Amino acid sequence: MPHLLDAPKILPTNTKLLYAEPHILDLSLYKEENGRSKLLQVIGEAAKTGFIHIINHGLKPEWFQTVRDITYTYMLETGNEQKDRDSSSSGTGYFEGYKPRSQEEKAENSLPPIEEYSYDYFATGKVRRPPLIAENEDNIHNIFDFYHNTLTPILLDLINEYCQFKPGTLADHHSDTSEVAHLLFYRRRWFDNIKKKRGSYAGHTDIGTLTYLYANPSAGLQIYGEQGWRYVAYIPDSVVVNAGDALEYLTAGKINATLHRVLKPPDDQERQMRTAIVYFIHPKDICMRDSLAHYNAIQQKQTESSRKDPGSPINGACLNRLISAISANNSDEYKRIVDPQALNAAKSGGLISGPQNLMVDYKTLALLQIVPRNG
Ligand SMILES: O=C(O)CCC(=O)C(=O)O
Ligand SMILES: [Fe+2]
């Protein structure tokens with residue numbers, strides 16, 4: 001076994017932060033009599049923001065520590081040229097490899113502030129992985145096999161029932177999935193380069209069905225809800241689940257995609273390097289394509305109507321995109337234009353008035369101020 005560095009443990013912050021109310025799904029209830037109705041209730045309470053914390057899942061904290069160690073060791077001990085050779089290349093049919101450096105980074109031999117290794121669940125045995133990762137496949141699969149075999153089927157089953165779909169509907173859409181983990185490494189003081197490409201995770205929704213994140217003591221992840229942006233509570237050893245666009249699409253908005261972003265950690269954690277193990281589930285290809293086409297069409301329509309008529313009505317899906325557009329530059333500008341009541345109305349299917357005097361270009365995710373002409 002190659003030598004693994006110990007990724008330093010990060011102590012929870014002492015800084016007072018505003019947290020989103022967690023919706024806690026206790027997985028030990030799944031097999032219990034009467035447990036199911038409690039779980040369905042939690043799914044319902046979490047439907048507006050699409051995010052839940054899972055506890056009593058049975059995954060061992062050491063397994064995550066090992067994957068953090070693998071990420072940490074790979075990122076710190078692999079030379080830049082080797083990373084280029086390990087880069088994900090198209091044509092293999094798998095989403096596997098180190099996320100390539102930009103031409104500019106190659107020219108100046110620098111690294112992006114946030115580095116990423118993509119681990120494609122289905123590529124195991126099909127592609128050549130860097131030795132450190134290949135030799136730790138069993139360790140990595142302790143977690144990912146559970147996600148694939150147990151967690152996803154349970155969550156799809158519960159959401160299916162919550163939506164009152166014919167039994168097995170969501171499972172059918174996932175008979176053939178694509179599942180990719182991102183092993184993320186936020187280099188020390190990554191936030192100094194927030195304007196750089198891959199210098200931040202500004203507000204966004206993930207494109208797939210469900211995303212799994214392991215509880216991160218490094219405070220920074222925020223979700224958008226009725227009260228605006230709020231930190232995700234740190235519940236040690238929980239798995240944090242985000243809903244993605246494809247789930248919002250498949251459930252016709254009964255479950256909203258989670259708008260989320262990562263901010264600079266508070267002062268008592270800012271010297272730490274942050275790792276994150278993020279696991280994405282996508283539905284089968286045809287369904288993924290439909291979902292992407294659906295949201296592209298929404299964006300296009302909204303771009304046009306916003307051009308013609310700034311302030312024209314928008315619905316919940318557009319609102320999500322609007323908020324991500326505005327937060328993409330990490331400003332809190334949205335506060336001026338989206339009030340909680342409007343957010344609620346839009347999320348429950350109603351139309352609300354778009355921002356007055358502001359035009360949104362959804363294609364470039366830009367927010368343009370219409371300056372009134374004199375005279
Ligand atoms: O680093 C994190 O905690 C979240 C990253 C994220 O949102 C993503 O990879 O899509
Ligand atoms: Fe994300």
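Predicted, not measured: the structure shown is a model, and the values here were computed from it. In listed order, ligands and their atoms are each counted from 1. Position 1 is the first residue of the sequence, and the numbers go up from there.
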message: Testing the 3.5 Å rule here: is there a donor-acceptor pair between the side chains of Glu96 and Tyr117?
response: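 Yes, Tyr117 and Glu96 have a side-chain donor paired with an acceptor closer than 3.5 Å.
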- request: Ignoring angles and geometry beyond distance, decide whether His204 reaches within less than 3.5 Å of ligand 1 through its nitrogen or oxygen atoms.
  value: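 The answer is yes, given that His204 and ligand 1 share an N or O pair closer than 3.5 Å.
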Relative to the heavy atoms of [X], which atoms of ligand 1 are at a distance of less than 4.0 Å?
X	result
Ala276	1 (O)
Val262	1 (O), 2 (C), 4 (C)
Tyr186	1 (O), 2 (C), 5 (C)
Leu184	1 (O), 5 (C), 9 (O)
His260	7 (O)

task: Check whether any heavy atom of Glu116 sits under 4.0 Å from an atom of ligand 1.
output: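 Glu116: no contact with ligand 1 (<4.0 Å).
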field: Nearest protein heavy atom with distance in Å, relative to atom 8 (C) of ligand 1
entry: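 Result: Tyr201 CE2, 3.6 Å.
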message: Applying the ring-ring contact (aromatic ring centres under 6.0 Å, His included) criterion to His141, which one of Trp63, Tyr279, Tyr121, Phe122 satisfies it?
response: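 Option passing the ring-ring contact (aromatic ring centres under 6.0 Å, His included) with His141: Tyr121.
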- request: Using the ring of Trp190 (Phe, Tyr or Trp, six-membered ring only), decide whether Arg274 places NZ or CZ under 6.0 Å from its centre and within 45 degrees of its axis.
  value: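 Relative to the ring axis of Trp190, which defines the angle, Arg274 lies outside at least one limit.
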task: Mind checking whether Phe185 contacts ligand 1 via backbone (N, CA, C, O), side chain (CB onward), both or neither, at a 4.0 Å heavy-atom cut-off?
output: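 Within the 4.0 Å criterion, Phe185 makes no contact with ligand 1.
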- prompt: Is Gln164 atom CD crowded by more than 12 heavy atoms from other residues, nucleotides or ligands, each under 6.0 Å away?
  reply: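 No, not enclosed.
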message: Run the side chain to side chain contact (heavy atoms under 4.5 Å, CB included) test on Asp157 and Arg36 for me, step by step, so that the C-alpha distance in whole Å, both residues' side-chain angles and the decisive distance to 0.1 Å come before the verdict.
response: CA-CA 11 Å; Asp157 174 41; Arg36 205 173 167 88; 3.1 Å; yes
same_hphob_cluster(Tyr19, Ile235) at 4.5 Å side-chain heavy-atom cutoff: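 Not linked; separate clusters.
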field: For the Fe ion (ligand 2): the N/O/S atom of Asp206 at shortest distance
entry: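 The Asp206 atom nearest to the Fe ion (ligand 2), restricting to N, O or S, is OD1.
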